[in-house]
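The sequence lines fix the lettering, A, B, ..., with proteins before strands; numbering per chain opens at 1.
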Protein chains: 2
Amino acid sequence: MARTGRRPGGVDTRAGILAAARFEFGAKGYHQATIRGIAAGAGVDPALVHHYFGNKEDLFAASIDLPLRPTEIAETLLADGLESAGRNITNLFFTVWENPETRDPIMALLRGAFSTEQGAAVLREFFGTAMLRRVAPQIGGPDAELRASLAMSHLIGVAVLRYVVGFPSLTTVPIEQLVNTLAPRIQAYFTD
Amino acid sequence: MARTGRRPGGVDTRAGILAAARFEFGAKGYHQATIRGIAAGAGVDPALVHHYFGNKEDLFAASIDLPLRPTEIAETLLADGLESAGRNITNLFFTVWENPETRDPIMALLRGAFSTEQGAAVLREFFGTAMLRRVAPQIGGPDAELRASLAMSHLIGVAVLRYVVGFPSLTTVPIEQLVNTLAPRIQAYFTD
DNA sequence: AGAGTAATTCAACACATGTAGAAATCGACG
DNA sequence: CGTCGATTTCTACATGTGTTGAATTACTCT
């Protein structure tokens with residue numbers, strides 16, 4: 001039985017490690033996620049993780065750098081004008097969070113914001129430079145930035161309670177009803 | 001210089017350790033907060049922490065067990081009737097979060113919910129059994145529980161963005177303005 | 001087919017952490 | 001003033017962690 005050395009078959013081990021890393025970082029947060037655990041999740045030796053992504057920090061950075069382009073989010077948000085923005089962003093929000101493929105990295109991002117100051121900075125960057133600067137001007141008024149931030153804070157709060165804390169009142173409700181109740185409040189921050 | 005042994009002066013070392021623990025757990029979360037760090041914060045040997053609070057888990061439990069009686073919160077909330085509940089709860093919310101003495105333990109609670117499943121359970125218990133069962137019936141209607149949960153989620157989201165992530169749009173605004181913009185949305189979940 | 005390179009694992013180090021037990025010092029109380 | 005218990009520190013251990021360097025195997029290119 002060959003143990004060490006290169007594996008036969010051209011499997012993309014690097015991608016497997018990255019997927020495992022996203023899952024682990026999302027499930028346990030930056031610090032409690034271990035390189036050994038990620039390696040085990042990918043069926044691989046811990047040293048291989050270091051071979052592909054040098055550092056744990058670098059691995060984390062790679063884990064949250066993904067096709068979640070804020071530009072597209074802003075586009076989707078404003079596609080049908082500001083009057084539909086509330087429902088659009090709420091729908092997109094749950095689409096992202098309900099799909100495991102996109103949930104893992106954004107969960108890692110959210111947990112990272114709680115784990116390290118660097119993670120918090122990433123989230124600030126994500127919302128601030130990326131989204132606020134695009135959306136807030138469309139709202140207008142002196143407190144446009146505050147309104148947009150509060151709309152985001154509401155969505156984040158729902159994510160925390162539903163996907164992190166697992167609060168029953170929010171996990172048992174069908175998404176459709178959740179959207180129907182939530183979207184008008186988000187909308188109110190945009191046009192009101 | 002006497003190193004080991006009992007210290008002169010009847011200082012309440014136990015309370016000092018507890019305060020340091022609340023601060024550390026709040027600042028770094030359950031796992032990244034270390035017993036050695038807490039001990040250093042209290043100017044004390046790590047073993048003394050174990051002497052007073054046996055476990056790290058027990059210490060954490062003691063850190064989040066505090067005068068934040070959900071009963072009183074529910075009372076304050078409903079004191080002036082449901083029509084003022086939105087502003088009342090929003091005010092109380094910021095009062096608690098702006099005072100370091102009450103912020104530390106609730107920060108520890110919030111961070112704990114992200115760090116361990118046990119912490120998440122504590123938060124579920126805190127909101128669920130304690131608050132929802134008191135407030136939701138006052139709202140009435142088939143989706144009363146959902147509405148109350150969404151109101152809470154909004155407040156939590158603000159806490160996350162303002163106190164954990166440090167999002168500039170929310171940290172630079174005076175609390176008064178924050179309350180004025182936020183309270184009506186919370187109120188809308190109660191009466192609308 | 002042979003040489004070079006990429007992929008993969010093994011074994012180990014250095015370090016931080018939670019925790020336990022023994023020892024030392026101080027206050028209280030007879 | 002002597003004894004007992006509470007308080008406090010020292011030392012140490014077992015464990016899990018990120019990380020490294022050497023060794024081994026497979027693929028690729030000429």
Self-check item: For atom CG of B/Asp45 and atom P of C/dG21, their distance in whole Å
Solution: 16 Å
Quiz item: Do you know which two heavy atoms are closest between B/Met152 and B/Phe127, and how far apart they sit?
Solution: SD-CD2, 3.6 Å
Quiz item: Between C/dA22 atom P and B/His51 atom NE2, what is the distance in whole Å?
Solution: 15 Å
Quiz item: Roughly, in whole Å, what's the span from CD1 in A/Ile38 to C1' in D/dT17?
Solution: 12 Å
Self-check item: Neighbour count >12 (heavy atoms, 6.0 Å) for atom CD, A/Glu117
Solution: yes
Practice problem: To the nearest Å, give me how far apart CD1 (A/Ile17) and C1' (C/dT9) are. | Solution: 12 Å
Exercise. Please report, rounded to the nearest Å, how far the P atom of C/dT8 is from the CZ atom of A/Arg14.
Key: 12 Å
Self-check item: N/O donor-acceptor pair under 3.5 Å between B/Arg22 side chain and B/Ser63 backbone
Solution: yes
Quiz item: Do B/His31 and A/Phe114 have ring centres separated by under 6.0 Å?
Solution: no
Exercise. At under 4.0 Å between heavy atoms, which parts of nucleotides 13-19 of chain C does protein reach? Answer with one letter per nucleotide, 5' to 3': B base, S sugar-phosphate only, - none.
Key: ----BBB
Self-check item: Between P of D/dT7 and CG of B/Leu48, the distance in whole Å
Solution: 9 Å
Pairs of donor and acceptor atoms involving the side chains of residues 55-62 of chain A, under 3.5 Å and at least two apart or interchain, shall be tabulated with distances.
| unit_1 | atom_1 | unit_2 | atom_2 | d |
| --- | --- | --- | --- | --- |
| A/Lys56 | NZ | A/Tyr30 | O | 3.1 |
| A/Lys56 | NZ | A/Ala33 | O | 2.9 |

Quiz prompt | Minimum-distance nucleotide (side-chain atoms of B/Tyr52 versus D/dT8, C/dT9, D/dT9) | solution = D/dT8
Quiz item: Looking only at side-chain N and O atoms, does B/Thr13 come under 4.0 Å of OP1 or OP2 in D/dT8?
Solution: yes
Quiz item: Going through the distances and angles, do A/Thr191 and A/Gln187 end up as a side chain to side chain donor-acceptor pair (under 3.5 Å)?
Solution: CA-CA 6 Å; A/Thr191 59; A/Gln187 180 65 41; 3.0 Å; yes
